[in-house]
*Asks:* 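Next up is a structure, given as structure tokens.
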Protein chains: 2
Amino acid sequence: MITIYDIAKRAGVSVTTVSRVLNGYADVSPSTRRKVQHIVHELGYRPNAMARGLTTKRSMSVGVFFHDNVNTGLSHPFFLEVINGFKETIGAEGYDLLFFANDTLDNELKTFEARAKHRNVDGLLLWAIPEDDPSLAALVMSSIPSIILDLDLTGPCMGNISCDNFGGAVQAMNFLLENGHRNIAFVSGLLSTHSARERLLGYQHALQLHGIPYRPEWMLEGDYTEKSGYAAAKRLLKSGDLPTAVFCSSDMMAIGVMKALEEGGMLVGEELSLIGFDDIMMASYITPGLTTIRQKKHEMGVIAARALLELIENSDKVPEALTMDTELVVRGTVRPLAL
Amino acid sequence: MITIYDIAKRAGVSVTTVSRVLNGYADVSPSTRRKVQHIVHELGYRPNAMARGLTTKRSMSVGVFFHDNVNTGLSHPFFLEVINGFKETIGAEGYDLLFFANDTLDNELKTFEARAKHRNVDGLLLWAIPEDDPSLAALVMSSIPSIILDLDLTGPCMGNISCDNFGGAVQAMNFLLENGHRNIAFVSGLLSTHSARERLLGYQHALQLHGIPYRPEWMLEGDYTEKSGYAAAKRLLKSGDLPTAVFCSSDMMAIGVMKALEEGGMLVGEELSLIGFDDIMMASYITPGLTTIRQKKHEMGVIAARALLELIENSDKVPEALTMDTELVVRGTVRPLAL
DNA sequence: TTGAAAGCGCTAACAC
DNA sequence: GTGTTAGCGCTTTCAA
């Protein structure tokens with residue numbers, strides 16, 4: 001391994017000077033600089049991030065906590081898109097991404113904070129974290145710059161980003177209402193999550209605004225999985241008391257609903273309208289295409305990265321709760337109600 | 001920040017002893033060990049990975065190079081499943097995952113090797129890397145333990161894993177042949193990739209084995225994207241010379257083919273049979289369900305992790321080229337040929 | 001504009 | 001069983 005000592009010796013300067021050149025400081029004579037740079041290239045020198053990090057206390061890396069399969073056993077439907085936006089943006093500023101995977105630590109070391117400090121990451125991105133994770137509270141209060149997705153948490157150094165769950169739900173409802181629907185059932189996500197509660201609120205708000213009574217029997221609780229959507233629709237079917245439209249808190253649940261409805265002999269998009277939430281890839285591939293509320297996934301990653309960078313690079317920055325707007329995507333599952 | 005010096009002072013022992021306890025060495029008296037451990041917990045001490053790495057030359061992290069959007073602008077259809085298997089397995093051995101994202105390095109430092117050494121990763125996982133990447137050749141010959149997916153490359157410290165592309169293609173063809181099809185077109189992936197070439201070979205092999213002449217006009221080159229499958233099918237349709245079945249080198253292309261065929265008024269699964277490759281999630285959600293050759297994705301991640309661990313932990317280990325077997329998944333797009 | 005030297009937190013000879 | 005000490009490769013005062 002080539003170190004700055006090798007460079008220094010070869011160039012006939014001190015390691016300090018080499019370090020200065022490497023870090024682009026101004027107080028080096030042009031000729032020295034050139035000489036050092038030349039040797040750096042010649043020897044194929046690469047700085048050692050650990051050694052640098054030891055002294056500077058920065059690692060130029062950000063940690064990522066991502067709990068997949070929390071309840072579902074499924075992969076997250078749009079992980080890659082968000083993470084790609086995040087990666088591009090943060091990578092352009094010189095950071096690499098550290099995904100925590102190590103599972104051999106003893107209990108004390110398993111907290112978010114401990115693991116982040118262990119790796120000296122400069123910041124943290126958290127996603128799909130259960131709200132009741134025992135070590136989350138400590139992290140919220142910590143001094144580690146972090147951005148958490150889909151959870152309404154802020155702290156001295158923690159900001160959060162969600163899509164406009166409430167607004168998106170209203171958007172979905174408005175589309176249904178504009179199409180003449182007034183009997184609208186709702187399939188909610190796991191109500192222990194912030195997003196699910198917000199979407200439910202949006203549903204209720206839209207109802208209220210239009211003077212439509214809220215019918216608890218039309219509020220079916222699911223858990224964001226296809227299976228739970230399927231089960232919800234089965235319950236609905238069995239009740240015999242059908243709405244003209246169903247608003248699902250996620251596309252995966254909407255797909256489950258579609259399946260159950262079709263099994264029950266109903267033509268989705270004809271006899272019954274359906275709208276989802278998320279706009280996962282599948283929404284445009286199934287038949288009929290699922291009308292839904294799009295989350296801007298790539299953009300969410302970008303915004304998350306920018307917000308985190310600000311928190312890292314400017315400690316005066318007050319963390320915010322950011323909201324991404326949503327978009328209505330019209331496909332085939334909503335039809336105007338024939339009067 | 002609490003260091004082993006703090007622990008040592010408080011416990012009235014030397015830092016060496018603390019280090020010994022921390023690393024679980026045997027030559028420490030039980031009472032000393034207990035005392036140190038107690039203080040470690042009490043003070044909430046967390047080891048500093050960078051400092052440790054500096055001396056040990058190991059980082060307990062493995063680097064991941066993943067080129068998304070290589071040509072397609074699309075997210076990889078089964079990234080998460082593979083990476084989850086990998087992450088679980090490697091995490092259980094104490095490693096974290098470093099995703100290279102930093103894009104600010106100058107050219108000299110942009111090679112795989114340079115970036116890996118910069119971060120002192122103990123091993124490397126590479127995926128979706130263009131075969132002609134200019135810095136790949138150097139990595140192959142390097143002494144960094146690495147596993148590369150879907151590329152037929154081995155080196156002194158590099159092993160690779162692919163699914164059985166050839167065998168899977170034969171499997172697909174056999175199913176078609178068993179169902180009476182003899183006029184079978186093939187939509188290939190990007191022929192600059194190893195997997196696409198192998199699958200083509202499998203197609204040709206099966207043809208030959210059954211004494212069916214290879215018809216170049218029925219070998220349509222695509223690039224793994226839906227769009228290219230769509231275009232291929234359009235060409236086929238226009239030629240007027242239709243096969244009874246089409247074997248697609250990927251599910252995404254098969255989906256494109258389906259779309260084009262349906263636009264052309266053909267009933268896929270009735271008038272024309274179709275089989276894909278990969279078994280992406282979408283394959284089971286579209287209508288009709290796509291018959292395909294499944295790649296065992298999670299398992300692939302697990303195997304990759306195990307292979308990499310072996311390479312890291314045992315430098316005598318000779319890297320191998322591993323092949324994962326595939327599975328036929330029967331859904332609705334293949335029908336026996338009426339005679 | 002340059003260099004000497006200390007120190008970041010940890011491990012590992014080596015000695016006792 | 002335990003401690004002393006010398007690094008690991010780098011940055012950063014402080015002096016010159």
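In what follows, chains carry the letters A, B, and so on, assigned in the order in which the sequence lines appear, proteins first and then strands, with residues in each chain numbered from 1. Just the heavy atoms: all of them, side chains too, but no hydrogens, waters or symmetry mates, feed the values below.
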*Asks:* Step by step, work out the side-chain contact (heavy atoms from CB on, under 4.5 Å) result for B:Leu98 and A:Leu97.
*Replies:* CA-CA 6 Å; B:Leu98 189 106; A:Leu97 255 42; over 6 Å; no

*Asks:* Rounded to whole Å, how long is the line connecting atom CG of B:Leu43 with atom C1' of C:dG9?
*Replies:* 15 Å

*Asks:* Quick check on D:dG1: is either OP1 or OP2 less than 4.0 Å from any side-chain nitrogen or oxygen of B:Thr17?
*Replies:*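 So the side-chain polar atoms of B:Thr17 never come under 4.0 Å of the phosphate oxygens OP1 or OP2 of D:dG1.
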
*Asks:* Starting at the 5' end of DNA chain D, which residue's closest nucleotide do you reach first, B:Pro30 or A:Ala51?
*Replies:*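 Per heavy-atom nearest nucleotide, the more 5' residue is B:Pro30.
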
*Asks:* Taking only the side-chain nitrogens and oxygens of A:Asn23, find out if one of them lies under 4.0 Å from OP1 or OP2 of D:dT11.
*Replies:* yes

*Asks:* Side chain of A:Asp150, backbone of A:Ser162: donor and acceptor closer than 3.5 Å?
*Replies:* no

*Asks:* Identify, residue by residue, the members of residues 54-63 of chain B with a heavy atom below 4.0 Å from DNA chain D, and return them in order of residue number, or none.
*Replies:*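 The stretch gives B:Leu54, B:Thr55, B:Lys57 as the residues lying under 4.0 Å from the strand, ordered by number.
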
*Asks:* For residues 34-45 of chain B, please give each side-chain donor-acceptor pair under 3.5 Å, one per line with the distance, not counting sequence neighbours.
*Replies:*
from	atom 1	to	atom 2	distance (Å)
B:His38	NE2	B:Glu42	OE1	3.3
B:Glu42	OE2	B:Arg10	NH2	2.7

*Asks:* Distance check needed: C:dC10 C1' versus A:His118 NE2, whole Å only.
*Replies:*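 Going from A:His118 (NE2) to C:dC10 (C1'), I get 12 Å.
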
*Asks:* Give A:Thr16 one of three labels, base, sugar-phosphate or nothing, depending on what nucleic acid heavy atoms sit under 4.0 Å from its own.
*Replies:* base

*Asks:* Measure the distance from CG on B:Asn48 to C1' on D:dG9 and round it to the nearest whole Å.
*Replies:*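 Distance check: B:Asn48 CG to D:dG9 C1' gives 14 Å.
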
*Asks:* Would you say A:Arg119's side chain and A:Ser61's backbone share a donor-acceptor pair under 3.5 angstrom?
*Replies:*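 No, A:Arg119 side chain to A:Ser61 backbone: no donor-acceptor pair under 3.5 Å.
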
*Asks:* Between A:Val15 and A:Ala26, name the one whose nearest nucleotide on DNA chain C is closer to the 5' end.
*Replies:*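 Counting from the 5' end, the first nearest nucleotide belongs to A:Ala26.
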
*Asks:* Respond yes when some side-chain nitrogen or oxygen of B:Tyr25 is under 4.0 Å from OP1 or OP2 of C:dA13, and no when none is.
*Replies:* no

*Asks:* Examine C:dG9: is either OP1 or OP2 under 4.0 Å from a nitrogen or oxygen in the side chain of B:Arg52? Give yes or no.
*Replies:*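 Answer is no, no contact under 4.0 Å.
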
*Asks:* Tell me the interatomic distance from B:Ile4, atom CD1, to C:dC8, atom P, rounded to whole angstroms.
*Replies:* 12 Å

*Asks:* Please determine whether a side-chain nitrogen or oxygen atom of B:Tyr5 lies at a distance below 4.0 Å from atom OP1 or OP2 of C:dG7.
*Replies:*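 Checking C:dG7 against B:Tyr5, no side-chain N or O comes under 4.0 Å of OP1 or OP2.
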
*Asks:* Output the single nucleotide from D:dG1, C:dG3, D:dC10 whose closest atom is nearest the side chain of B:Asp27.
*Replies:*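 Shortest atom-to-atom distance from the side chain points to D:dG1.
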
*Asks:* Flag the pair B:Glu113 and B:Lys117 as a salt bridge only when some basic side-chain nitrogen lies within less than 4.0 angstrom of an acidic carboxylate oxygen.
*Replies:* yes

*Asks:* Quick one: B:Arg119 CZ to D:dG9 P, roughly how many Å, whole number?
*Replies:*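 That distance rounds to 17 Å.
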
*Asks:* Is the phosphate of C:dT2, meaning OP1 or OP2, less than 4.0 Å from a side-chain N or O of A:Thr32?
*Replies:*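 Yes, such a contact exists.
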
*Asks:* In whole Å, I'd like the distance from the CG atom of B:Asp6 to the C1' atom of C:dC8.
*Replies:*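 So the two atoms are 13 Å apart, to the nearest Å.
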
*Asks:* First locate atom OG of A:Ser195, then atom CG of A:Leu149, and finally report the distance between them rounded to the nearest 0.5 Å.
*Replies:* 11.0 Å

*Asks:* Side chain of B:Thr3 only, heavy atoms from C-beta on: which candidate in D:dG9, C:dG9, C:dT11 is closest?
*Replies:* C:dG9

*Asks:* Any donor and acceptor pair, going by atom type alone, linking the side chain of A:Ser146 with main-chain N or O of A:Ile144 inside 3.5 Å?
*Replies:* yes

*Asks:* Calculate the interatomic distance between B:Leu22 atom CG and D:dT2 atom P; express it in whole Å.
*Replies:* 15 Å

*Asks:* Would you say A:Ser14 places a side-chain N or O within less than 4.0 Å of OP1 or OP2 belonging to C:dA4?
*Replies:* no

*Asks:* Hey, mind stepping through B:Arg33 and B:Tyr25 against side-chain contact (heavy atoms from CB on, under 4.5 Å) and telling me if it holds?
*Replies:* CA-CA 10 Å; B:Arg33 180 182 304 277; B:Tyr25 291 159; 5.7 Å; no

*Asks:* A:Asn23 side chain to A:Arg20 main-chain N or O, any donor-acceptor pair under 3.5 Å?
*Replies:*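 Side chain of A:Asn23 to backbone of A:Arg20, a donor-acceptor pair under 3.5 Å: no, none is there.
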
*Asks:* Using whole Å, what does the distance between atom P of nucleotide D:dG9 and atom CD1 of A:Ile2 come to?
*Replies:* 11 Å

*Asks:* Looking at C:dT11, C:dT1, C:dG9, which one has an atom nearest to any side-chain atom of B:Met1?
*Replies:* C:dG9

*Asks:* Would you call the rings of A:Phe66 and A:Phe79 parallel, tilted or perpendicular, where under 30° means parallel and over 60° means perpendicular?
*Replies:*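 Tilted: the ring planes of A:Phe66 and A:Phe79 meet at 30° to 60°.
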
*Asks:* Detail all sub-3.5 Å separations between protein N/O atoms and N/O atoms belonging to nucleotides 14-16 of chain D.
*Replies:*
none

*Asks:* Give the ring-plane orientation class for A:Phe65 versus A:Phe100, where under 30° counts as parallel, over 60° as perpendicular and anything between as tilted.
*Replies:* parallel

